[in-house]
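Taking it in order: structure first as structure tokens, then the write-up.
For this chain, numbers begin at 1 and follow the sequence in order.
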Amino acid sequence: MTRPPLNRSSRPAHRAAAVLGTAAGALFLLAGPASAHVRVFSDGAVEGSPATLRFRVPSEKADAATVRVGVTFPKGVTPTDVPPASGWTRKEMPSPEGGATRIMWTATAGHELKPDEHRYFDVRVGPLPKEASAAFDVTQTYSDGSVVNWNERQTGTEEPDFPAPVLVLDAAAAKAERARQESAAQPRPAGVAAPPPAAATQDEGSGVVSWLPWTVAGAAVLGAGTVVVVRRRTTPDRAGPTQR
């Protein structure tokens with residue numbers, strides 16, 4: 001019996017589909033825990049322009065509800081308007097450190113964030129500073145009286161336990177800074193100098209969340225046919241508390 005001819009032109013497409021399918025499965029299965037932290041999002045945020053920031057706050061404790069959320073804005077990031085958060089009161093005040101603004105949201109009765117719920121708190125700000133990124137200190141108070149401080153900066157390859165939410169304003173500069181930090185964190189023999197930081201290149205796109213440098217690196221590796229794990233982005237919704 002004569003075998004039908006093979007369609008060789010379809011092989012590259014099949015291989016590409018297999019790689020992308022494997023990558024999608026890896027992202028779905030392995031990117032869960034990191035996305036549970038407090039995050040900040042902003043569509044199209046760039047240095048020198050005003051923006052709307054969205055702080056996603058999950059209630060992570062299994063036996064207590066979130067009753068208060070406080071955000072301290074870094075120098076150069078000035079709130080201009082705070083849309084109402086349904087079921088939550090709002091108070092603005094100078095931060096204890098001075099020179100910055102702090103906004104505190106407090107839940108009214110029946111509107112606390114129960115375990116495994118999350119919601120968004122929106123803030124409109126003036127022109128963003130000309131920096132690679134901006135970090136925000138966030139406090140989260142639970143009904144049992146415990147307070148979680150999301151204020152740790154990442155200085156090496158490992159994300160801290162309670163990272164401050166970071167808004168990326170210049171993706172190329174942020175990527176270069178991350179490369180410098182990772183290089184500095186690597187142990188070296190005595191007398192060996194650290195290599196210079198990676199040069200930043202102009203990028204027309206602008207990242208807006210803390211996981212973008214990893215996404216850029218992941219895209220490059222995926223192009224070579226290798227699967228990497230990046231942090232999952234949860235699409236911001238406009239509704240109040242939702243179940244995760």
Side-chain angles (χ1 to χ4, degrees), residues 35-45 47-129 131 133-153 160-169 208-210 234-244:
S35 66
H37 301 328
V38 174
R39 302 296 186 195
V40 59
F41 301 87
S42 183
D43 291 334
E47 55 184 26
S49 297
T52 296
L53 310 184
R54 308 199 73 204
F55 294 90
R56 181 187 186 277
V57 180
S59 199
E60 298 183 344
K61 296 193 70 172
D63 55 356
T66 297
V67 297
R68 184 174 296 117
V69 174
V71 177
T72 299
F73 291 78
K75 194 171 297 184
V77 180
T78 305
T80 58
D81 183 44
V82 183
S86 177
W88 292 66
T89 62
R90 182 191 81 243
K91 183 178 181 181
E92 297 180 39
M93 64 200 82
S95 72
E97 294 78 14
T101 299
R102 181 173 176 79
I103 298 178
M104 188 80 70
W105 290 272
T106 303
T108 58
H111 292 274
E112 303 87 349
L113 281 181
K114 298 177 177 61
D116 289 330
E117 289 184 344
H118 73 270
R119 74 162 299 150
Y120 290 86
F121 298 91
D122 294 353
V123 181
R124 298 187 183 99
V125 298
L128 294 166
E131 304 286 347
S133 61
F136 301 81
D137 292 351
V138 177
T139 59
Q140 182 175 12
T141 304
Y142 284 90
S143 56
D144 61 3
S146 61
V147 179
V148 178
N149 294 301
W150 300 95
N151 59 3
E152 298 177 351
R153 271 49 171 179
D161 291 334
F162 302 98
V166 175
L167 182 72
V168 176
L169 303 175
V208 296
V209 291
S210 59
T234 301
T235 302
D237 54 58
R238 296 286 174 180
T242 55
Q243 289 288 338
R244 289 192 302 182

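Between Lys114 and Glu112 there is no salt bridge, since no side-chain nitrogen of the basic residue lies less than 4.0 Å from a carboxylate oxygen of the acidic one.
To the nearest 0.5 Å, atoms OG1 (Thr66) and CZ (Arg119) are separated by 11.5 Å. Atom CZ of Arg102 and atom OG1 of Thr139 lie 4.0 Å apart (nearest 0.5 Å). We find the CG-CG distance between Leu113 and Asp116 to be 11.0 Å, quoted to the nearest 0.5 Å. One finds the CD atom of Glu60 at 12.0 Å from the NE2 atom of His118 (value rounded to the nearest 0.5 Å). Annotation: the span from Asp161 atom CG to Glu152 atom CD amounts to 6.0 Å, rounded to 0.5 Å. For the atom pair CG of Asn149 and CD of Gln140, the computed distance is 10.0 Å after rounding to the nearest 0.5 Å.
Taking 4.5 Å as the limit, every side-chain heavy atom of Leu167 sits out of range of all side-chain heavy atoms of Ser133. With contacts defined as side-chain heavy-atom distances shorter than 4.5 Å, the pair Pro79/Ile103 qualifies. For the pair Glu131 and Val77, the minimum side-chain heavy-atom distance is 4.5 Å or more. Residues Tyr142 and Ser59 have side chains in contact (heavy-atom distance under 4.5 Å, counting atoms from C-beta outward). Between Thr89 and Thr108 the shortest side-chain heavy-atom distance falls below 4.5 Å. With contacts defined as side-chain heavy-atom distances shorter than 4.5 Å, the pair Ser49/Leu128 does not qualify. Residues Val148 and Lys61 are not in side-chain contact: their nearest non-hydrogen atoms beyond the backbone lie 4.5 Å or more apart. A 4.5 Å side-chain heavy-atom check between Thr78 and Val125 finds every atom pair outside the cut-off.
Nearest heavy atoms, Asp137 versus Ala164: OD1-CB, 4.3 Å. Pairing each heavy atom of Asp122 with each of Val82, the nearest pair is O-CG1, 3.7 Å.
Of the possible donor and acceptor atoms, none in the side chain of Thr52 sits under 3.5 Å from a partner among the backbone N and O of Arg124. When atom types are taken as modelled, the side chain of Ser143 and the backbone of Ala65 share a donor-acceptor pair closer than 3.5 angstrom. The backbone N or O of Asn151 lies less than 3.5 Å from a partner atom in the side chain of Arg153, making a donor-acceptor pair. Under a 3.5 Å cut-off, the side chain of Ser42 and the backbone N or O of Ala51 do not form any donor-acceptor pair.
A ring pair (Phe, Tyr, Trp, His ring centres under 6.0 Å) with Trp88 holds for exactly one of Phe121, Tyr120, Trp105; it is Phe121.
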How far apart are the C-alpha atoms of Val138 and His37, what are their side-chain angles, what is the distance that settles it, and do they pass the side-chain contact (heavy atoms from CB on, under 4.5 Å) test?
CA-CA 11 Å; Val138 177; His37 301 328; over 6 Å; no
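Ring geometry, Phe55 versus Phe73: the interplanar angle exceeds 60°, so the pair is classed perpendicular (tilted spans 30 to 60°).
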